[in-house]
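Nothing fancy with the numbering, it's 1 onward along the sequence.
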Amino acid sequence: MKNRLFTVAKIAITLGLIAYVFSTVDRKAVAASLAAANPWLILLALAFYILAITINGVKWHVLLAALEVRVPFAAVLQYMFVGFFFNSILPANIGGDVMRGYGMARYTDRTAEAAVSVVVDRIVGLLAYMSAAAVTAIVVVRLMNHAELQWLFNLALLALAAIGAVLAVMLSRRLRLQIARLFRRGPLVRLAPMYDGVSAALDAYRFRYRALFYAFLLGLAGLMAANVVNWLLFEALGGGVPFVDVMLFNPLIALVLLVPISVGGHGVIQNAYPIFYGMLGVPEIQALAVSVLMSFIIIVGSLPGGLLWLRIRRAADDRE
């Protein structure tokens, strides 16, 4: 009952956010903008979205290999699409991480390694996103004379420091040994074997700096593909938005979407685009129309993951 209430609440918040942002603009103007969009550029944006998913699949494959989890890339990509599908329908853009970790754990029968690889994959990806946002913010604030956006640089830098600290704590054997004491007594004793397995998997990454670095570079490549998706959607609706603006705002919007208040981030997206891009003079109608197209790209681009999940479940039922 509690889970159902949370789900209903998130659906209500999603619809409420969408209704609110559309109540503040000329809806006919938004509809006209969408009707006039270039379909070929939207199709190209969808292709780049699929490319971004594939690059993220390569990143995850690298991190799994660092744990000596040998999985065919086709299987990794399959579960990556599954993750993106559930991210599009679950809150906080992290529900898909749980599903792809669960799927990989069942596929490899190595639960701890699968879970750790997903967490590290997410953290390394966020490091790449915030690093790019901080560097771009320097360009926009200092070289393009937008001093009023200094706070965006501060935000990106703060997020980068926080995410880096989390990764450092995870890779610190000394800190993990201290935490392990909590699992040696009391109600957490039952979870001690699970914690030990996760800790051992994390320990393997302490000496896999090359793999972590390659994953970071792949995170940057995936971000660049996602930036192209957003830029193409702006171009489809008339253009006029410099690519550097997209490079600044796209990773920051991705950070905002981690807040678990709506389904798949929809609704939050529609409010975030006009707010962020409006800071650099992008018309509200255009930014909102792009956010609608972005939700469309996310849903359509992740649909193969839903079909793959149904096939996986059907195969599992047949084996049972």
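- Tracing side-chain contacts under 4.5 Å through hydrophobic residues (I, L, V, M, F, W, Y), one reaches Val244 starting from Leu220; they form part of the same cluster.
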Does the side-chain contact (heavy atoms from CB on, under 4.5 Å) test come out yes or no for Met247 and Met224, once each step is laid out? CA-CA 8 Å; Met247 290 180 62; Met224 190 58 65; 4.1 Å; yes
If you apply the rule side-chain contact (heavy atoms from CB on, under 4.5 Å), what do you find for Arg100 with Gln78, and how did you get there? CA-CA 9 Å; Arg100 66 183 169 109; Gln78 171 180 262; over 6 Å; no
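- With contacts defined as side-chain heavy-atom distances shorter than 4.5 Å, the pair Lys59/Met80 does not qualify.
- More than 12 heavy atoms of other residues, nucleotides or ligands lie within 6.0 Å of CZ in Phe73, so this atom counts as buried by the packing criterion.
- Val228 and Leu41 fall within a single hydrophobic cluster, where Ile, Leu, Val, Met, Phe, Trp and Tyr side chains are chained together by heavy-atom contacts under 4.5 Å.
- Remark: Arg210 CZ is loosely packed, at most 12 non-hydrogen atoms of other residues, nucleotides or ligands lying under 6.0 Å away.
- Here the side chains of His146 and Leu152 are not in contact, with every heavy-atom distance at 4.5 Å or above.
- A donor-acceptor contact shorter than 3.5 Å is absent between the side chain of Glu235 and the backbone of Asn230.
- Here CH2 of Trp60 is found 9.0 Å from CG of Asp97. Values are rounded to the nearest 0.5 Å.
- Separation of atoms CG (Asn38) and CG (Leu44) is listed at 9.5 Å; rounding is to 0.5 Å.
- At least one donor-acceptor pair under 3.5 Å links the side chain of Tyr205 to the backbone N or O of Leu63.
- Taken together through direct or relayed side-chain contacts under 4.5 Å among Ile, Leu, Val, Met, Phe, Trp and Tyr, Leu149 and Leu158 form parts of separate hydrophobic clusters.
- Across every non-hydrogen atom of Ala128 and Leu223, the tightest pair is O-CD2, 4.2 Å.
- From Arg106, atom CZ reaches atom CD1 of Ile312 across 10.0 Å, with rounding to the nearest 0.5 Å.
- For Tyr209, the OH atom counts as densely surrounded, since its 6.0 Å shell holds more than 12 non-hydrogen atoms of other residues, nucleotides or ligands.
- When atom types are taken as modelled, the side chain of Asn271 and the backbone of Gly267 share a donor-acceptor pair closer than 3.5 angstrom.
- If you take CZ on Arg70 and NE2 on His61, they are separated by 8.0 Å, rounding to the nearest 0.5 Å.
- For the pair Leu34/Phe296, no side-chain contact is recorded, criterion being any heavy-atom separation below 4.5 Å from C-beta on.
- Put simply, the side chain of Asn250 does not reach to within 4.5 Å of the side chain of Met294, judged on heavy atoms.
- The closest side-chain heavy-atom distance from Tyr79 to Val71 is not below 4.5 Å.
- Here the shortest heavy-atom pairing between Asn56 and Asp121 reads O-OD1, 4.4 Å.
- Side-chain contact between Phe234 and Val282 is present, with heavy atoms from C-beta onward closer than 4.5 Å.
- Side chain of Ser33 to backbone of Ala29: no donor-acceptor contact under 3.5 angstrom is found.
- Heavy atoms only, all atoms of each residue included: Ile297 and Val229 are closest at CG2-CG1, 4.3 Å.
- Screening residues 150-170 for salt bridge (charged side-chain N to carboxylate O under 4.0 Å, His left out), with sequence neighbours left out, gives no hits.
- Met279 CE to Glu148 CD: the interatomic distance, rounded to the nearest 0.5 Å, is 9.5 Å.
- Counting heavy atoms from C-beta on, the side chains of Asn227 and Phe243 come closer than 4.5 Å.
- Hydrophobic clustering (side-chain heavy atoms under 4.5 Å, transitive across Ile, Leu, Val, Met, Phe, Trp, Tyr) keeps Ile138 apart from Val135.
- Panel note: side chain Ser295, backbone Val292; no donor-acceptor pair is recorded below 3.5 Å.
- With hydrogens and angles ignored, the 3.5 Å screen pairs a side-chain donor or acceptor of Ser117 with a backbone N or O of Ala114.
- Here the CG atom belonging to Leu233 is positioned 9.5 Å from the CG atom belonging to Leu46, to the nearest 0.5 angstrom.
- With hydrogens and angles disregarded, a donor-acceptor distance shorter than 3.5 Å links the side chain of Ser291 to the backbone of Leu288.
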Determine whether Leu157 and Met130 satisfy the following criterion, side-chain contact (heavy atoms from CB on, under 4.5 Å), listing intermediate values before the conclusion. CA-CA 7 Å; Leu157 201 61; Met130 291 307 105; over 6 Å; no
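- Ser172 places no side-chain N or O within 3.5 Å of a backbone atom of Ala168 that could act as its donor or acceptor partner.
- Note on Phe213 and Ile123: same hydrophobic cluster, where clusters join Ile, Leu, Val, Met, Phe, Trp and Tyr whose side-chain heavy atoms are under 4.5 Å apart, directly or indirectly.
- Here the closest heavy-atom approach between residue Ile253 and residue Tyr277 is recorded as CD1-CE1, 4.0 Å.
- Using the six-membered ring where Trp is involved, Tyr102 and Trp309 have ring planes that are tilted, between 30° and 60° apart.
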Report the C-alpha separation of Leu280 and Val241 in whole Å, then their side-chain angles, then the decisive distance to 0.1 Å, and conclude whether the side-chain contact (heavy atoms from CB on, under 4.5 Å) test is met. CA-CA 9 Å; Leu280 290 177; Val241 177; over 6 Å; no
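- Other residues, nucleotides and ligands contribute over 12 non-hydrogen atoms within 6.0 Å of the CZ atom of Phe216.
- Taking the side chain as every heavy atom from C-beta outward, Leu248 and Val139 never approach each other to under 4.5 Å.
- Across all non-hydrogen atoms, the minimal contact from Tyr273 to Val290 is CE2-CG1, 3.8 Å.
- Ala134 and Phe153 make their closest contact through O-CD1, 3.5 Å (heavy atoms, listed as atom of the first residue, atom of the second, distance).
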